[in-house]
Amino acid sequence: MSEPAETQEAATYDVTAVEEKWLQVWKDLDPFRADDASAREKRYALTMFPYPSGDLHMGHAEVFALHDVVARYWWLKGYEVLNPMGFDSFGLNAENAAIRDNEHPATFTYANIAVSTESCKKFGTSFDWSRTLNTSDPDYYKWTQWLFLRFYERGLAYRKESPVNWCPVDQTVLANEQVIDGHCERCGNEVTKRELTQWYFKITDYAQELLDNLDELEKTWPDRVITAQRNWIGRSEGAHVTFPLVEEGAQRPSRNRASEITVYTTRPDTLFGTTFMVVAADAHLARELVTDDQRPAYEDYLEEVRKASDIERLSTERPKTGVFLGRYAVNPVNGQQIPIWAADYVLADYGTGAIMAVPGQDQRDWDFAKRFDLPIIRTVRPPDDFVDDAAYVGQGPAINSANDEISLNGLGIAEAKRAIIDWLESKQSGKGAVNFRLRDWLLSRQRYWGAPIPIIHCPVDGEVPVADDQLPVVLPELRGADLTPRGVSPLAAAEDWVNVECPKCGGPAKRDSDTMDTFVDSSWYFLRYCSPQDDTQAFDTDLVNAWGPCDVYIGGVEHAVLHLLYARFFTMVLNDMGLVGFREPFSAQLNQGTVINQGAKMSKSKGNGVRLGEQLSAFGVDAVRLTLVFAGPPEDDIDWAEMSPSGSLRFLQRAWRLSGDVTSSPGTSPEGGDVALRRITARTVRDAEGLVDGFKFNVLVARVMELVNATRKVIDTGGDSGAGGADPAVREAAEAVTILLSLVAPYVAEEMWERLGHQPTVARTSWPTVDESLLVEDSVTCVVQVRGKVRARLEVVPDISDADLEALALAEPDVVRAIDGAEVRKVIVRAPKLVNVVV
RNA sequence: GCCCCGGUAUCCCAACCGGUAGAGGAAGCGGUCUCAAACACCGUCCAGUGUGGGUUCGAAUCCCACCCGGGGCACCA
């Protein structure tokens, strides 16, 4: 092809001009608006909405690039796609910035949202911006409050006093899920405990189902999320066992005192080895039980425990501490009186906050017994080579475990458990029980920038819900120093706001001054996207059922047990309320890796940050997107230092050049074109489908590159017909390249599409059709092995019979030579690809 | 400590149900173009799959043990 202007230097397109041109065209065409009324099959592509912390960064770019592949693919495949984007816009960053700069959190929040939205559009994403939402908008959080009230009505939102996680830096309580290794999930500081009355969601009511449904989700969710959730829910099976207390004479008025202690144990079979009991030092039970004599010692100990941070408390290396409470209980299985201790190795909020200690079979109890010189009885026989200086936790026959009515001796652990549970149940001293590690979700926060909890506290009427028609409870206008954390919510000090009339009695009352955890906001946003402007309800059930559940959910693993568990819980509750037609919100999930640099997480202190904006202006949106998608499997981390955005741009230029070399007219039938190229095109298009479905985007890109190379070759060498760029197979291939490329590099694809003589937009054209006959190979290479070594290759028809192939193979001179007269013991034939001669 | 995932060329990564270890890219090297270079284009080099065993006609793929890396849980009774 003679294009003199391009002979000197390879032609290139102007990245910036192309971006400016098509951004405007898309703005006019608005091609990604999801139509509720569409007759097409619906798909819901969801990506975790960001917190508007400033402008977009490399992390956002990666998720959006990956996510866009799927969403655009679905459009091309003929689905009506709901692909919304919004902002998780409540939260502490804006609040802290507001305090620092004497501003209102909304100022930062909405400025950041505006910047991020623009960047997101420039990034070429296919989001439907007509459905955008911000969780900090009153017409959104109105419905967050409305949902809270529905949970409250059902007893799923309640208040209790309990030792809770407290972040001294952020000056607020935290849910268990927000404490990572004893540190605040947000600011990274050490968390301490406080005894406070707080609001909880009763997520534990759903623990079993949250666990069970994972079996099904396992097929379409990443492994690590499944295991993280299973571990977090932490189901265990055991028994509750009740130990009566020994009453100690008349000096002890028994008032409301407990007369028994119930414990949870996973090893009821070891009950005969229980030589003492331990109550969590900070549990109410400990305070109730302690005798006057022991009270001073207990108080001192409790003081000590409270001072220790969680980090110290949870260290397994730390020696056991504790104090005797002065009282005794009776082991129901043998009538033995055993002392009751308080210690901090028992947790107040797990099980019943008290344990039966079996030092012979539990290492923690063993350590405690050794420290305080308590008796040890083995109830499982260790193997002969067992060194007798630790608890024995392995399998073995029960020993020392009999009374007049029952003997466990000789039974294995599982049998012994069953037997003792039966016996306990018959004596009404206990019963089989299941326990979960999962705790209820602590949702109140002592901060300003969140949805106020719509409850009024009245000295007469107690908790009074705000009436639905009074929602939203709008945040008062506070800024700067008014927002300074002081251990209680800044809302408590907003006199005009907090003091109200009780809706019931009309007397003076106060609003609840806490705000909701921002994870409440994000537990239902994907439902709101289905009817984001509806001011009559939180979401439209019919539309939610039409679009949902989300067919794919793409986001970071950091939410494996936070957001993803909460959103699942919300969906189940809403399904129970009849508001949602499904119980699991996210049918499939993909967690992208992290973008790192030079082997380390990007951070200011390391000075290894990569600015998205700089990358975009240096290489263009398409090249950056392509680099992110091509880097490797989406779930792997990407080390930007190892990537080559310039290589990506080079490829895009190569691809673009194809569109200029096609000389046939649009609509030309590919029939009669170069068959080899047509086969590659057909195979690439067909394989691309499975590759997108399987999230193997990196392989998809590799296949498109392959197709570009093959097309180039036909153009340059002429191909079968010698027609080169005029060969209709070249047009077919170039159009396939363009459409496939549009999933990753929308700008250049649009430009190519136009050069190929088509109207915009390539994003809403159809997926290329595949001529099935081209997928059938007319010959395949068969490998002939002798002793496992390849000795010959044959070109054969694909449907050759085993017998024919064997005969053909054994007749090959190279094969005969390799056998060298040895006895052929066996011939394995896997037609049409392989023959293996065993000699 | 327990559980899960992964180790393939110099690097990032492919490889269907066990069947020719290589699709793609980066880097390197050589060439074309150029006064020269950059760009671009063409070509080319590179591993026997972490280690040791086993199953099999045949193992990157399946099984066992270990090493290394990543993740989850962890005083949860």
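Hydrogens, waters and symmetry mates are skipped; everything else that's a heavy atom, side chains included, is used. Chain letters run A, B, ... following the sequence lines, proteins first, then strands; residues in each count from 1.
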- Could you state the atom-to-atom distance from CD1 of A:Ile715 to P of B:C41 in whole Å? 13 Å
- Take atom CZ of A:Arg703 and atom P of B:G25, then tell me their distance rounded to the nearest Å. 13 Å
- Watson-Crick/G-U partner (both atom distances under 3.5 Å) of B:A77: none
- Round to a whole Å and report the spacing from OH of A:Tyr392 to P of B:A77. 19 Å
- Query: Is A:Arg439 touching bases, backbone alone, or none of the nucleic acid, heavy atoms closer than 4.0 Å?
  - Reply: base
- Query: Using 30° and 60° as the class limits, which term best fits the ring planes of A:Tyr350 and A:Tyr264: parallel, tilted or perpendicular?
  - Reply: perpendicular
- Is A:Asn836 near enough to B:G19 that one of its side-chain N or O atoms lies under 4.0 angstrom from OP1 or OP2? no
- Check whether any side-chain N or O of A:Asn709 sits under 4.0 Å from OP1 or OP2 of B:G25, and answer yes or no. yes
- Message: Measuring only the P atom in each nucleotide, how far is B:A21 from B:A60? A whole number of Å is fine.
- Response: 8 Å
- Message: Measure CG/A:Leu214 against P/B:G72 and give the value in whole Å, please.
- Response: 17 Å
- Message: Which label fits A:Phe386 and A:Tyr392: parallel for a plane angle under 30°, tilted from 30 to 60°, or perpendicular past 60°?
- Response: perpendicular
- OP1 or OP2 of B:C41 under 4.0 Å from side-chain N/O of A:Arg654: yes
- Parallel, tilted or perpendicular: which fits the ring planes of A:His563 and A:His559, with parallel below 30° and perpendicular above 60°? perpendicular
- Message: If you assign each of A:Ser648 and A:Val837 to its closest nucleotide in RNA chain B, which residue comes earlier from the 5' end?
- Response: A:Ser648
- Item | Nucleotide B:A23, atom P - distance to CG of A:Leu707 in whole Å | 16 Å
- Item | Any donor-acceptor N or O pair under 3.5 Å, side chains A:Gln653, A:Thr12 | no
- Mind telling me whether B:G24 is syn or anti, cutoff 90° either side of 0? anti
- Query: Looking just at side-chain N and O atoms, do A:Trp366 and A:Gln361 make a donor-acceptor pair shorter than 3.5 Å?
  - Reply: no
- Please determine, for the side chain of A:Glu706, which listed nucleotide (B:C57, B:G24, B:C13) has the closest atom? B:G24
- Please measure how far the C1' atom in B:A27 lies from the corresponding atom in B:C12, and state the result in whole Å. 11 Å
- Which residue lies more 5' along RNA chain B, comparing A:Asp223 with A:Asp365 via nearest heavy atoms: A:Asp223
- Counterpart base for B:G43, defined by Watson-Crick or G-U wobble contacts under 3.5 Å: B:C29
- Within less than 4.0 Å of OP1 or OP2 of B:A26, is there a side-chain N or O belonging to A:Arg650? yes
- Among B:A26, B:C13, B:G19, find the nucleotide with the atom closest to the side chain of A:Asn698. B:C13
- Message: Would you measure the distance from the P atom in B:C13 across to the matching atom in B:G52 and give it in whole Å?
- Response: 24 Å
- Message: At 4.0 Å (heavy atoms only), tell me whether A:Val838 reaches a base, stays on the sugar-phosphate, or touches nothing.
- Response: sugar-phosphate
- Message: When the C1' atoms of B:C45 and B:A9 are compared, how many Å lie between them, rounded to an integer?
- Response: 10 Å
- Indicate, with a heavy-atom threshold strictly under 4.0 Å, whether A:Gln785 touches base, sugar-phosphate, or nothing. base
- Query: For B:A9, which nucleotide is its Watson-Crick or G-U wobble mate, given both distances must be under 3.5 Å?
  - Reply: none
- Query: A:Asn591 and A:Gln589: side-chain donor and acceptor closer than 3.5 Å?
  - Reply: yes
- Query: In whole Å, what separates the P atom of B:A23 from that of B:G28?
  - Reply: 23 Å
- Quick one: is A:Lys696 getting a side-chain N or O under 4.0 Å of the B:G24 phosphate, OP1 or OP2? no
- Do A:Ser429 and A:Thr242 have side-chain N/O donor and acceptor atoms under 3.5 Å apart? no
- Assess the side chains of A:Ser236 and A:Asn435: does a donor N or O sit below 3.5 Å from an acceptor N or O? no
- Should B:U51 form a Watson-Crick or G-U wobble pair with both distances under 3.5 Å, which nucleotide is its partner? B:A65
At a cut-off of 3.5 Å, list every protein nitrogen or oxygen paired with a nitrogen or oxygen from nucleotides 10-12 of chain B, distance to 0.1 Å.
unit_1, atom_1, unit_2, atom_2, d
B:C12, O2', A:Ala631, O, 2.8

- Query: Given atom CG of A:Leu691 and atom C1' of B:A15, what is their separation to the nearest angstrom?
  - Reply: 12 Å
- Task: Please give the nucleotide sitting opposite B:G58 as a Watson-Crick or G-U wobble pair, both distances under 3.5 Å, or none.
- Result: none
- Is any side-chain nitrogen or oxygen of A:Tyr350 closer than 4.0 Å to OP1 or OP2 of B:A77? yes
- Message: Measuring only the C1' atom in each nucleotide, how far is B:A15 from B:U8? A whole number of Å is fine.
- Response: 10 Å
- Salt bridge present between A:Glu62 and A:Arg625 (N-O < 4.0 angstrom): no
- Task: Please evaluate the base of B:G19 for a donor-acceptor partner in the side chain of A:Arg830 within a cut-off of under 3.5 Å?
- Result: yes
- Message: I need the CG-C1' distance between A:Leu626 and B:A26, as an integer number of Å.
- Response: 13 Å
- Message: Just confirming the chi classification of B:C39, syn or anti, using 90° around 0 as the syn window.
- Response: anti
- Starting at atom CZ of A:Arg235, determine the distance to atom C1' of B:G72, rounded to an integer number of angstrom. 20 Å
- From the list B:A77, B:G72, B:G19, which nucleotide is the closest neighbour of the side chain of A:Asn231? B:G72
- Output yes when a side-chain donor or acceptor of A:Gln229 lies under 3.5 Å from a complementary backbone atom of A:Ala560, and no otherwise. yes
- Message: Is A:Arg657 close enough to B:C41 that one of its side-chain N or O atoms is under 4.0 Å from OP1 or OP2 there?
- Response: yes
- Message: So, OP1 or OP2 of B:C17: does either fall under 4.0 Å of a side-chain N or O from A:Lys833?
- Response: no
- How long is the span from the CG atom in A:Asp687 to the CD1 atom in A:Ile680, to the nearest 0.5 Å? 12.0 Å
- Item | From B:C4, B:A14, B:A77, nucleotide with atom closest to A:Leu347 side chain | B:A77
- Item | Spacing of the C1' atoms in B:A59 and B:C42 (rounded, Å) | 38 Å
- Which part of the nucleic acid, if any, lies within reach of A:Val346 when heavy atoms closer than 4.0 Å are counted: base, sugar-phosphate only, or nothing? base
- Which whole number of Å gives the distance between the P atom of B:U61 and that of B:G19? 11 Å
- Query: Hey, does the side chain of A:Ser236 come within less than 4.0 Å of B:A77's phosphate (OP1/OP2), counting only N and O?
  - Reply: yes
